[in-house]
Amino acid sequence: MINTDQNHKHTYDAQGRMTCCTLEDKIYSKAEEKEHHHHDHEDGHDHDYDHSHGGSSLMKLFLPSILSAVLLLVTISLDHFLQPGWFTGWVKIIGYVAAYLPVGIPVLKEALESIRKGEIFSEFFLMGIATLGAFALGEYPEGVAVMLFYAVGEVFQTLAVKRAKANIKSLLDQRPDEVTVLRNKQPQTVKAETVVIGEIIQLKPGEKLGLDGELLSETASFNTAALTGESKPDTKTKGETVLAGMINLNTVAQVKVTTAYTDSKLSKILELVQNATSQKAPTELFIRKFAKIYTPIVVALAVGICFLPYFFTTDYQFADWLYRALIFLVISCPCALVISIPLGYFGGIGAASKNGILFKGSTFLDVLATVQHVVMDKTGTLTEGVFKVQEVVFDPAFMEVELLQMVDALERHSSHPVATAIHEFVGNTGNTIPLENVEEIAGHGLRGTVNGKELLVGNFKLMEQFGIPHQKDLKDIVYTVIAVAYDSQFVGYLTISDTIKTDAKLTIDRLKSLRVKPTMLSGDKTTVVQFVAKTLGIPNAFGDCLPEDKVNKVKELKSRRESVAFVGDGVNDAPVVALSDVGIAMGGLGSDATIETADVVIQDDKPSKIPMAITISKQTKKIVWQNISLAFAVKGIVLLLGAGGLATMWEAVFADVGVALLAILNAVRIQRMQF
């Protein structure tokens with residue numbers, strides 16, 4: 001429904017163009033209003049719904065159209081069926097005008113407002129001219145019907161957008177307004193945004209966590225559907241991170257707050273999705289530009305249809321050609337394109353969110369739909385990233401326990417999963433190793449000084465960089481090998497294994513079925529990488545890759561004019577993520593940097609979501625182009641029929657409102673699809 005509030009204040013850009021009342025923005029704004037029950041009315045926007053009752057607000061939304069439809073039916077009955085003697089002349093005109101006003105006045109007001117600010121060729125202008133022209137020709141029922149169907153179509157567009165937005169928000173906006181905190185060992189219910197870092201939240205079974213924190217209880221099970229799209233319980237143990245939006249499933253749990261309310265992972269995810277529509281796909285941008293050029297051209301053609309036949313026909317009838325021109329105007333309204341295409345992309349983003357995949361904008365849906373090559377990191381993407389120490393082989397001349405403690409102390413300066421595996425293997429010994437000059441060498445390992453002697457822990461490239469001789473045959477071990485050197489001597493190694501994810505093989509098979517080429521790049525040993533690649537059926541895999549090696553490999557692929565998506569952690573692989581056409585981050589629950597740097601975030605670490613994201617992108621693009629084809633085909637046919645006098649206003653209404661509604665129904669279809 002068009003904004004009819006007299007207190008509504010339009011907003012304009014620096015050039016004086018209206019920014020608040022384009023058809024798309026207006027409908028999106030209406031949908032936003034209907035989603036909430038409480039608003040700040042200082043913005044001056046129309047709030048003509050009763051938000052306290054869904055049925056009542058829906059009735060108010062349709063009320064002008066219902067009133068217009070009732071008055072039109074009564075007037076048509078009097079005019080064509082009952083035909084009382086008094087229902088002629090001005091009385092009949094007043095009846096049709098009364099039916100027109102509820103739906104016509106808002107549109108005419110918006111048309112005048114747009115003209116006043118220089119936006120002459122708006123959809124409001126087209127509908128206003130066409131319907132007023134029909135009245136001038138005495139085609140009263142058709143004039144009312146055109147505007148009535150236009151108003152009904154806009155209401156359905158508003159509802160469709162509302163549903164798409166609500167589907168996303170219902171999945172993500174799971175933050176409770178209030179939480180229970182322990183203050184002076186007593187539970188108090190307070191507003192979530194007032195809780196400070198360090199306070200302890202008491203979470204009962206069935207309650208949602210309001211802020212990110214650290215679990216203080218020994219164990220607790222959570223439903224993480226709001227964050228990952230998976231409802232399977234996730235059991236956390238003491239000290240592990242738990243996130244806002246998770247639902248406690250069994251016992252009372254205590255959580256120590258580690259992040260402010262506005263900085264929680266869920267807040268960032270919600271902001272990401274809410275801002276997704278601002279990243280317009282090229283198709284959307286093209287349609288917007290096209291509509292601005294297209295509308296003035298159609299108006300000029302309509303003028304030509306009305307007047308040019310005067311010079312070429314002998315029996316020129318002004319009223320006849322004016323009627324054809326008005327039909328042409330109604331048909332030409334670009335509503336179906338302007339609304340259904342953004343809605344199609346929004347539906348795609350919503351369908352992805354429902355499955356735990358976050359797109360930062362519709363532009364990435366477009367790019368991912370045509371991606372030809374997916375390059376993946378190994379650790380944490382195709383493997384669990386949970387390492388376990390398998391074997392320790394040190395020179396007998398060194399004390400194994402002391403050396404392990406030194407290695408553990410150095411690895412504590414790294415966040416790599418290997419460091420966690422070593423720490424779990426060594427355990428909490430309580431010994432403090434005097435470390436100095438600790439340095440992380442990217443793609444190689446760690447270096448430090450213990451008791452004045454150099455300690456090196458990393459891969460064999462690190463040994464070679466510092467000129468440490470070592471056993472060559474160790475490179476054939478099908479495990480990740482962590483080499484150790486102390487005081488310029490190679491003292492031994494640890495072997496560490498990782499587990500391939502259960503859905504990794506399915507991921508590769510699905511990528512191949514989509515005709516997308518998979519490649520694996522990893523900084524791990526080549527033997528380990530080749531073993532994983534052979535197990536999963538990846539034809540191209542490269543190990544011992546430094547960050548610059550990954551960049552060079554992706555550059556090589558792009559030089560073949562292949563579109564490339566890179567899947568990694570979004571932090572260590574920042575250069576290659578930036579270089580790729582689409583950066584996909586695994587581990588949306590891992591680090592804030594992941595969410596901020598990637599174009600697409602897969603929240604539950606499942607690699608099978610990679611082909612799912614590509615499938616959703618392809619389906620979205622397919623639906624968008626179906627809508628474009630439908631709109632152009634139907635409008636083109638009816639435009640020709642209208643110009644030739646073979647189409648009436650009723651066909652024009654179908655070509656405008658009917659096609660718009662069909663396109664919208666097609667666009668929302670993606671939200672019901674199973675992927």
- [ ] State the CD1-OG1 distance between Ile197 and Thr259, to the nearest 0.5 angstrom.
- [x] 6.0 Å
Open item on the list: Apply side chain to side chain contact (heavy atoms under 4.5 Å, CB included) to residues Lys621 and Leu365 and explain how you reach the verdict.
Closed with: CA-CA 8 Å; Lys621 193 163 186 178; Leu365 279 165; over 6 Å; no
Open item on the list: With a 3.5 Å distance limit and no angle check, can you tell me whether Asp498 reaches the backbone of Phe387 through a side-chain donor-acceptor pair?
Closed with: no
- [ ] Kindly say whether Ile247 contributes a backbone atom to a donor-acceptor pair with the side chain of Asn223 at under 3.5 angstrom?
- [x] no
Open item on the list: Do Asn248 and Phe222 make a side-chain contact, defined as non-hydrogen atoms from C-beta onward lying under 4.5 Å apart?
Closed with: yes
TODO: Give, for atom CD1 of Ile584 and atom OG1 of Thr381, the distance between the pair rounded to the nearest 0.5 Å.
DONE: 10.0 Å
- [ ] Say whether, by atom type as modelled, one donor and one acceptor occur between the side chain of Ser217 and the main chain of Gln254 under 3.5 angstrom.
- [x] yes
Task: Val181 side chain reached by Val257 side chain, heavy atoms, under 4.5 Å - done: no
Open item on the list: Are the side chains of Phe675 and Gln619 in contact, using a 4.5 Å heavy-atom criterion?
Closed with: yes
TODO: Would you give the length of the straight line joining atom OG1 of Thr363 to atom CG of Leu368, rounded to the nearest 0.5 angstrom?
DONE: 11.0 Å
- [ ] Please step through side chain to side chain contact (heavy atoms under 4.5 Å, CB included) for the pair Ser221 and Asp234, ending with a clear verdict.
- [x] CA-CA 5 Å; Ser221 292; Asp234 184 5; over 6 Å; no
Task: Under 3.5 Å: donor-acceptor pair, side chain of Lys609, backbone of Ile357 - done: no
Task: From NZ (Lys238) to CG (Leu216), nearest 0.5 Å - done: 7.0 Å
- [ ] Give the minimum heavy-atom separation between Leu215 and Ala253, together with the two atoms involved.
- [x] CD1-CB, 4.2 Å
Task: Over all atoms of both residues, closest heavy-atom pair of Ser608 and Asp503 - done: OG-OD2, 2.6 Å
Open item on the list: Using the salt bridge (Lys or Arg N to Asp or Glu O under 4.0 Å) criterion, which residues pair with Lys501? Sequence neighbours excluded.
Closed with: none
- [ ] List in chain and number order the residues that pass salt bridge (Lys or Arg N to Asp or Glu O under 4.0 Å) with Glu199, two or more places apart in sequence or in another chain; answer none if no residue qualifies.
- [x] Arg183
TODO: Considering non-hydrogen atoms only, spot the tightest contact between Asn250 and Ala220 and give its length.
DONE: OD1-CA, 4.3 Å
TODO: Specify the closest pair of heavy atoms between Leu243 and Leu209, including all atoms of both residues, with the distance to one decimal.
DONE: O-CD2, 3.6 Å
Open item on the list: Quick check: closest heavy atoms across Ile623 and Asn666, and the distance to 0.1 Å?
Closed with: CG2-O, 3.6 Å
Task: Considering all heavy atoms, the nearest Ser414-Ala419 contact - done: O-CB, 3.7 Å
Open item on the list: A side-chain contact here means heavy atoms from C-beta on lying under 4.5 Å apart; do Met376 and Leu511 qualify?
Closed with: yes
Open item on the list: Once rounded to the nearest 0.5 Å, what's the spacing between atom CE of Met612 and atom OG1 of Thr507?
Closed with: 9.5 Å
TODO: Determine, step by step, whether Val103 and Val152 satisfy the side chain to side chain contact (heavy atoms under 4.5 Å, CB included) criterion, reporting the C-alpha distance in whole Å, the side-chain angles of both residues, the deciding distance to 0.1 Å, and the verdict.
DONE: CA-CA 9 Å; Val103 289; Val152 170; over 6 Å; no
TODO: May I ask you to decide if Lys378's main-chain N or O and Thr383's side chain share a donor-acceptor pair within less than 3.5 Å?
DONE: yes
- [ ] Would you confirm whether Asp408, through its side chain, and Val426, through its main-chain N or O, come within 3.5 Å as a donor-acceptor pair?
- [x] no
- [ ] For the residue pair Lys191 and Glu178, establish whether any side-chain heavy-atom pair is separated by less than 4.5 Å.
- [x] yes
- [ ] Would you indicate whether the side-chain heavy atoms of Glu411 and Leu446 approach each other to under 4.5 Å?
- [x] yes
Task: Lys256 atom NZ: more than 12 heavy-atom contacts under 6.0 Å - done: no
TODO: Please report the C-alpha distance between Asp212 and Thr241 in whole Å, then the side-chain angles of each, then the deciding distance to 0.1 Å, and finally whether the side chain to side chain contact (heavy atoms under 4.5 Å, CB included) criterion is met.
DONE: CA-CA 7 Å; Asp212 294 354; Thr241 299; 5.6 Å; no
- [ ] Hey, could you give me the CD1/CG distance between Ile66 and Leu148, rounded to the nearest 0.5 Å?
- [x] 10.5 Å
Open item on the list: Would you say that Asp366 contacts Ser617 through its side chain, given a criterion of any heavy-atom pair below 4.5 Å between the two side chains?
Closed with: no
Task: Side-chain touch Asp581/Val371, heavy atoms, less than 4.5 angstrom - done: no
